[in-house]
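Here, residue 1 is the first one in the sequence, and each next residue gets the next number.
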Amino acid sequence: MIALLTDFGLRDTYVAELKAVLLTAAPGVPLVDITHCVEPFDVAQGAFLLAQAAAAFPAGAIFLAIVDPGVGTERRPVAFRSGAQRVYVGPDNGLFQRVVRREGAIEAVELPSLPHRYAGGSSATFHGRDIFAPVAAALWNGTALADAGLPIDPATLSAEPPAGPGQGRCAVLHVDSFGNAITSLVPETVPCEPGTKIVLETPESRHLLPVIRTYAQGPEGRPSLLINSAGHLEICCNRGSAAALLGLRPGMALRLRLDQ
């Protein structure tokens, strides 16, 4: 299968053009939409969502991931194979670093615009359609990764943009459709056993959050904190939107610390 993750949204024709190229070059390929609603240009959010979803996919899956604010610049177009035998195609701008940390990278290539470019020609503004999708289709059709581009050292894949310096300092990586705000912190950074209290500091306010184990344990209409299914600290609200309640949005800087 080929799994898709982009910040293209659903209003425009970009996702349809991407799929048209894939289905034309690889008829019958199963396509799985991870999401096309990454916040525009938010590489850190895209990296988190890609790594979270990838773990559910089998060896051999191909991921076409495009959050590319530097499209057309000197950032490298790449494809690589992970230690889990999954293949990733997209821009080398930090989008894959969480996957690399989790799965490793054992083989990588830099993609030229030829030989697998879009039949209509290659533009400087839509590498998803013109370069990445044709390469993903070629790989699904059986082209060896080594034949898709020029070999590069997997260790040179770009690092993920930092979410924020210092223990307890973090950022909102993603706000899901329920209004849960997923942070860049893991429990090892701010230990939080159920029943403890955590101080949340945003640029505008300060809140004391109870740590809970399940959403239903939180007081209705009030924010709480838990460890979510991705292993990250998540600000939630039982039967409500923590993001709306606290004014949280992707990229917002936060600080979480034990109440003392």
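- Following chains of ILVMFWY side-chain contacts shorter than 4.5 Å, one can reach F96 starting from V32, so the two form part of one hydrophobic cluster.
- V87 is not listed as a side-chain neighbour of F63, based on a closest heavy-atom distance of 4.5 Å or more.
- No side-chain heavy atom of V199 sits under 4.5 Å from any side-chain heavy atom of L258.
- L173 and A44 get closest at one heavy-atom pair: CD2-O, 4.0 Å.
- Looking only at distances, no side-chain donor or acceptor of D176 sits under 3.5 Å from a matching main-chain atom of I182.
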Please evaluate residues V43 and Q97 with respect to the criterion side-chain contact (heavy atoms from CB on, under 4.5 Å), reporting the C-alpha separation (whole Å), side-chain torsions for both, the decisive distance (0.1 Å), and the verdict. CA-CA 10 Å; V43 173; Q97 191 57 31; over 6 Å; no
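- A donor atom on one side chain and an acceptor atom on the other are found under 3.5 Å apart for D92 and S158.
- In terms of heavy-atom proximity, C237 sits nearest to A242 at CB-N, 3.7 Å.
- Listed by first and then second residue, the side-chain hydrogen bond (donor to acceptor under 3.5 Å, both in side chains) pairs that reach into residues 28-42 are T6-H36, K19-D33, D33-H36, sequence neighbours excluded.
- I212 and I235 sit in two unconnected hydrophobic clusters of ILVMFWY residues. Membership requires side-chain heavy atoms under 4.5 Å apart, directly or through other members.
- To the nearest 0.5 angstrom, S184 atom OG is 9.0 Å from L233 atom CG.
- To the nearest 0.5 Å, atom SG of residue C236 and atom CG of residue L226 are 4.0 Å apart.
- Applying the side-chain hydrogen bond (donor to acceptor under 3.5 Å, both in side chains) test to pairs two or more places apart or on separate chains, those with a residue in residues 208-224 are Y215-E234.
- Contact record, G94 with A47: O-CB, 3.9 Å, taken as the closest heavy-atom pair.
- With ring centers used as reference points, F126 lies under 6.0 Å from F8.
- Counting heavy atoms from C-beta outward, D7 and Q45 have side chains that stay 4.5 Å or more apart.
- In this structure, SG on C192 lies 5.5 Å from CD1 on I198, to the nearest 0.5 angstrom.
- Interatomic distance, H174 NE2 to L248 CG, rounded to the nearest 0.5 Å: 13.0 Å.
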Start with the C-alpha gap between N93 and V67, add the side-chain angles, then the distance that decides, and say whether side-chain contact (heavy atoms from CB on, under 4.5 Å) holds. CA-CA 9 Å; N93 59 4; V67 181; 5.5 Å; no
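- Here L256 contributes atom CG and T202 contributes atom OG1; the two are 10.5 Å apart, rounded to the nearest 0.5 Å.
- Proximity of S82 to I106: side-chain heavy atoms (C-beta onward) are nowhere separated by under 4.5 Å.
- To the nearest 0.5 Å, atom CG of residue L139 and atom CD1 of residue I2 are 8.0 Å apart.
- Looking at V29 and L31, their side chains come closer than 4.5 Å, going by heavy atoms from C-beta outward.
- Note: the hydrophobic cluster containing M1 also contains L49 (ILVMFWY, side chain heavy atoms under 4.5 Å, direct or indirect links).
- Contact record, A148 with P112: O-CD, 3.7 Å, taken as the closest heavy-atom pair.
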Validation: residues 50-57 side-chain donor-acceptor distances under 3.5 Å, sequence neighbours left out:
none

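- Checked against side chain to side chain contact (heavy atoms under 4.5 Å, CB included), P154 has the following partners two or more places apart in sequence or in another chain: A105, A108.
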side-chain contact (heavy atoms from CB on, under 4.5 Å), that's the test. Do L157 and V78 meet it? Break it down for me. CA-CA 9 Å; L157 294 172; V78 298; 4.2 Å; yes
Step by step, work out the side-chain contact (heavy atoms from CB on, under 4.5 Å) result for L22 and L4. CA-CA 11 Å; L22 291 168; L4 309 173; 3.8 Å; yes
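- Panel note: side chain T196, backbone E193; a donor-acceptor pair is recorded below 3.5 Å.
- For V71, the side chain to side chain contact (heavy atoms under 4.5 Å, CB included) test picks out D68, R75, H127, with sequence neighbours left out.
- Listed for the N228 side chain is a donor-acceptor partner under 3.5 Å among the backbone atoms of A230.
- Looking at heavy atoms from C-beta onward, S241 lies out of side-chain contact with L245 at the 4.5 angstrom threshold.
- Counting heavy atoms from C-beta outward, L246 and H207 have side chains that approach closer than 4.5 Å.
- V89 approaches A79 most closely through the heavy-atom pair CG2-CB, 4.0 Å.
- Listed by first and then second residue, the ring pair (Phe, Tyr, Trp, His ring centres under 6.0 Å) pairs that reach into residues 223-252 are F48-H232, sequence neighbours excluded.
- Under the 4.5 Å side-chain criterion, counting only non-hydrogen atoms from C-beta, L111 is in contact with F132.
- Between I34 and A3, the shortest heavy-atom contact is CD1-CB, 3.9 Å.
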